[in-house]
J.: 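Here it is, the structure, as structure tokens.
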Amino acid sequence: MNAKRTEKPNRTARPLRYLAAALALLFAVFSLCGCDTAEKTETFTAMDTVMTLTVYGGGSAVKDAEALILELEKKLSVTDENSEIHRLNESGSLELDPDTAVLVSRALSLCAETDGALDITIYPVVRAWGFTTGDCRVPTGEELASLLPLVDFGAVRISGNTVTLPEGAMLDLGAVAKGYASDCAAALLREKGVESAILNLGGNVYALGSKPDGSAWRVGVADPFGEGGTYSLVLSVTDMAVVTSGGYQRFFEQDGVIYRHIIDPATGRPVDNGLASVTIVCEEGLKADALSTALYVMGYEKAVEYWKKHGGFDAVFILNDGSIHITEGLESCLASASGGQTPEIIKK
Ligand code: ADP
Ligand code: MG
């Protein structure tokens, strides 16, 4: 009798145990195969802009990516007195964190490749215009002439992780930091098993993988003449950085003249060459960010020559006359263009 009584509850518990084990197994399989596709979005301010990270799956990975970007900002900011870059600019020579040293070295290579259209030693001039402090003003010709000799990326020395600047020279990584941060965030997300994410670091977009349904991400290229939130065209991309530089984003006006935040290192003056914006599409955010600034400085004709000579990326050029020009690799990525305007295809 006793034995029978103890058998009964065991028989009813067994199916429950099987069910619990089956559910645990299912959960483990889901976690391992990355089937957690829940959407997580974080919006925050960093590097002087609003960033939005949208990540599918990866548990808390989106939070980790945000923390990583905020950490990078602390190291790379030119205005934060505790940042590595600020301390280097103050002291003239500093041993940097190995990752920062690699970034500086890679950025210097891109300065050389673009023949100084990108020049990360631009800071004395950028500061004189007040773009980073918000205290914008038009420097005199003499002031610019005295600062221009300090703008010379070729004079920066790197030995191990120690960077040394000539007397008075100062680095500004503002033209490459967001692109670099997008690469770092994407690498961290991939490490955590994320296969689908769209990272928007204030117009520096990185499309990781594809959408959760397997289709390509659609990334809009902002209309430089629009109110904001309007696009000149939309590109379908996977595993690509899409980065835009344009004078329409940050500028100030004095006596009816508009002064934009991207400086031609040859003159020390804001770029004004007929280009409204340049968008670069390539696999590396850092390169896309560097080239979008550099090709904007070069102007349309030189930028097209640069693309023909170097390749390895695609570009969208929007001119002040409203015309849109895209390099041939983007023809197949073009999802839509606003106002039915067909962009001109630039062939090699
Ligand atoms: P944004 O930061 O607005 O996305 P960019 O990537 O083009 O735009 O970077 C512009 C920033 O880079 C400027 O705010 C300034 O700090 C710095 N800068 C301006 N002109 C140059 C230049 N010719 N080379 C390198 N850095 C530049
Ligand atoms: Mg840039």
Side-chain angles (χ1 to χ4, degrees), residues 45-51 72-73 76-80 83 85-86 89 103-104 106-134 136 144 147-148 150-154 156 169-183 200-206 221-222 224 228 241-252 259-273 275-282 284-299 302-303 313 315:
T45 301
M47 301 185 175
D48 210 17
T49 190
V50 177
M51 303 189 174
L72 286 173
E73 179 187 26
L76 307 178
S77 162
V78 74
T79 48
D80 180 340
S83 81
I85 296 303
H86 192 276
N89 287 346
L103 167 62
V104 170
R106 177 96 174 91
L108 288 170
S109 304
L110 287 156
C111 293
E113 265 172 56
T114 59
D115 209 12
L118 176 81
D119 193 324
I120 58 168
T121 60
I122 197 77
Y123 195 57
V125 173
V126 166
R127 191 170 67 163
W129 285 93
F131 284 114
T132 46
T133 55
C136 296
L144 287 178
L147 295 174
L148 271 179
L150 300 172
V151 181
D152 180 8
F153 69 89
V156 179
M170 287 186 270
L171 295 193
D172 175 0
L173 297 179
V176 294
K178 281 177 276 178
Y180 171 70
S182 74
D183 290 334
N200 188 344
L201 282 62
N204 279 238
V205 176
Y206 190 93
V221 173
V242 180
V243 178
T244 300
S245 278
Y248 64 96
Q249 294 155 316
R250 289 166 204 249
F251 58 85
F252 73 95
Y259 299 95
R260 305 174 197 281
H261 77 307
I262 301 175
I263 306 284
D264 183 345
T267 62
R269 294 182 183 279
V271 168
D272 185 12
N273 57 19
L275 266 175
S277 74
V278 175
T279 301
I280 303 292
V281 183
C282 71
E284 188 193 3
L286 164 60
K287 179 173 163 181
D289 200 356
L291 291 184
S292 68
T293 307
L295 270 62
Y296 180 76
V297 171
M298 286 177 199
K302 274 196 181 165
F313 67 94

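Values below: all heavy atoms of this structure, side chains included; hydrogens, waters and symmetry mates excluded. Atoms within each ligand, like the ligands themselves, are counted from 1 in listed order.
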J.: Of the backbone atoms (N, CA, C, O) and the side-chain heavy atoms from C-beta on, which set of D172 has a member under 4.0 Å from an atom of ligand 1: side chain, backbone, both, or neither?
T.: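 For D172, only side-chain atoms sit under 4.0 Å from ligand 1.
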J.: Check whether any N or O atom of T244, backbone or side chain, sits under 3.5 Å from an N or O atom of ligand 1, and answer yes or no.
T.: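 No.
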J.: Determine whether E284 and R106 satisfy the following criterion, salt bridge (Lys or Arg N to Asp or Glu O under 4.0 Å), listing intermediate values before the conclusion.
T.: CA-CA 12 Å; E284 188 193 3; R106 177 96 174 91; 2.6 Å; yes
J.: Take R127 and V78 through the test side chain to side chain contact (heavy atoms under 4.5 Å, CB included) and record every step on the way to the result.
T.: CA-CA 10 Å; R127 191 170 67 163; V78 74; over 6 Å; no
J.: In terms of heavy-atom contacts, does CG of D115 have more than 12 from other residues, nucleotides or ligands at under 6.0 Å?
T.: no
J.: Report the name of the N/O/S atom of D289 located nearest to the Mg ion (ligand 2).
T.: OD1
J.: When you measure from the side chain of S83 to the backbone N and O of S77, does any donor-acceptor pair fall under 3.5 Å?
T.: yes
J.: Give a yes or no answer on whether the side chain of T293 reaches the backbone of D289 with a donor-acceptor pair at less than 3.5 Å.
T.: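 It does hold such a pair.
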J.: Using a plain distance cutoff, I'd like to know if K178 has any nitrogen or oxygen under 3.5 Å from a nitrogen or oxygen of ligand 1.
T.: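 So ligand 1 has an N or O lying under 3.5 Å from an N or O of K178.
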J.: Quick one: look up the protein heavy atom nearest atom 22 (C) of ligand 1 and list residue, atom name and how far away it is.
T.: I263 O, 3.8 Å
J.: Is it true that a side-chain atom of W129 and a backbone atom of G268 form a donor plus acceptor pair closer than 3.5 Å?
T.: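 Yes, the answer is positive, given that a donor and an acceptor are paired below the 3.5 Å cut-off.
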J.: Tell me if a side-chain donor or acceptor on D264 pairs with a main-chain N or O of V297 at a distance below 3.5 Å.
T.: no
J.: Among all protein non-hydrogen atoms, which one is nearest to atom 18 (N) of ligand 1, and what is the separation to 0.1 Å?
T.: I122 CG2, 3.9 Å
J.: How far is atom 5 (P) of ligand 1 from the closest protein heavy atom, and which atom is that?
T.: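 Heavy-atom neighbour on the protein nearest atom 5 (P) of ligand 1: T293 OG1, 3.3 Å.
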J.: Quick check: does A175 get an N/O under 3.5 Å from an N/O on ligand 1?
T.: yes
J.: Is the Mg ion (ligand 2) less than 2.8 Å from an N/O/S atom of L118, whether that atom is in the backbone or a side chain?
T.: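 Under 2.8 Å: L118 has no N, O or S contact with the Mg ion (ligand 2).
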J.: Indicate the atoms forming the closest heavy-atom contact of H86 with T79, along with that distance.
T.: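 Distance-wise, the nearest heavy atoms are CD2-O, 3.9 Å.
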J.: For atom 6 (O) of ligand 1, find the nearest protein heavy atom and state the residue, atom name and distance (0.1 Å precision).
T.: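 Among all protein heavy atoms, the one nearest atom 6 (O) of ligand 1 is D289 OD1, 3.0 Å.
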J.: Look at atom 19 (C) of ligand 1 and say which protein heavy atom is nearest, naming residue and atom and giving the distance to 0.1 Å.
T.: H261 O, 3.5 Å
J.: If the cut-off is 2.8 Å, does any N/O/S atom of T293 fall short of it from the Mg ion (ligand 2)?
T.: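 Here the distance criterion (N, O or S atom, under 2.8 Å) is met by T293, so yes.
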J.: Output the distance between atom CZ (F313) and atom CG (L295), rounded to the nearest 0.5 Å.
T.: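 F313 atom CZ to L295 atom CG measures 5.0 Å (nearest 0.5 Å).
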J.: With a 4.5 Å cut-off on side-chain heavy atoms, are R250 and T49 touching?
T.: yes
J.: Using non-hydrogen atoms of the residue, decide whether A117 is closer than 4.0 angstrom to ligand 1.
T.: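 Yes, A117 has a heavy atom closer than 4.0 Å to ligand 1.
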J.: Is there a side chain to side chain contact (heavy atoms under 4.5 Å, CB included) between L118 and F153 once you walk through the steps?
T.: CA-CA 9 Å; L118 176 81; F153 69 89; over 6 Å; no
J.: With a 4.0 Å cut-off on heavy atoms, is G203 touching ligand 1?
T.: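 The answer is no: ligand 1 sits nowhere under 4.0 Å from a heavy atom of G203.
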J.: Below 4.0 Å, non-hydrogen atoms only: which portion of S292 touches ligand 1? Side chain, backbone, both or neither.
T.: neither
J.: Heavy-atom distance under 4.5 Å between the side chains of I120 and L173, does that happen here?
T.: yes
J.: For atom 25 (C) of ligand 1, what's the nearest protein heavy-atom neighbour? Residue, atom name and distance, please.
T.: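 Of every protein heavy atom, D119 O, 3.3 Å lies nearest to atom 25 (C) of ligand 1.
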J.: I need the atoms of ligand 1 closer than 4.0 Å to a non-hydrogen atom of S245, numbered in the order shown.
T.: 5 (P), 6 (O), 7 (O)
J.: Can you find an N/O atom of V176 closer than 3.5 Å to an N/O atom of ligand 1?
T.: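 It does not: no N or O of V176 is found under 3.5 Å from an N or O of ligand 1.
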J.: For ligand 1, which atoms sit closer than 4.0 Å to a heavy atom of L118?
T.: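 In order of number, 24 (N), 25 (C).
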J.: Answer yes or no: is there a donor N or O on one side and an acceptor on the other, between the side chain of T121 and the main chain of D152, under 3.5 Å?
T.: yes
J.: Need the ligand 1 atom indices (1-based, order shown) with element for anything under 4.0 Å from a heavy-atom of I262.
T.: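 Reading through ligand 1 atom by atom, the close ones are 7 (O), 19 (C), 20 (N).
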J.: Closer than 4.0 Å to some heavy atom of P265 - which atoms of ligand 1 meet that?
T.: 23 (N)
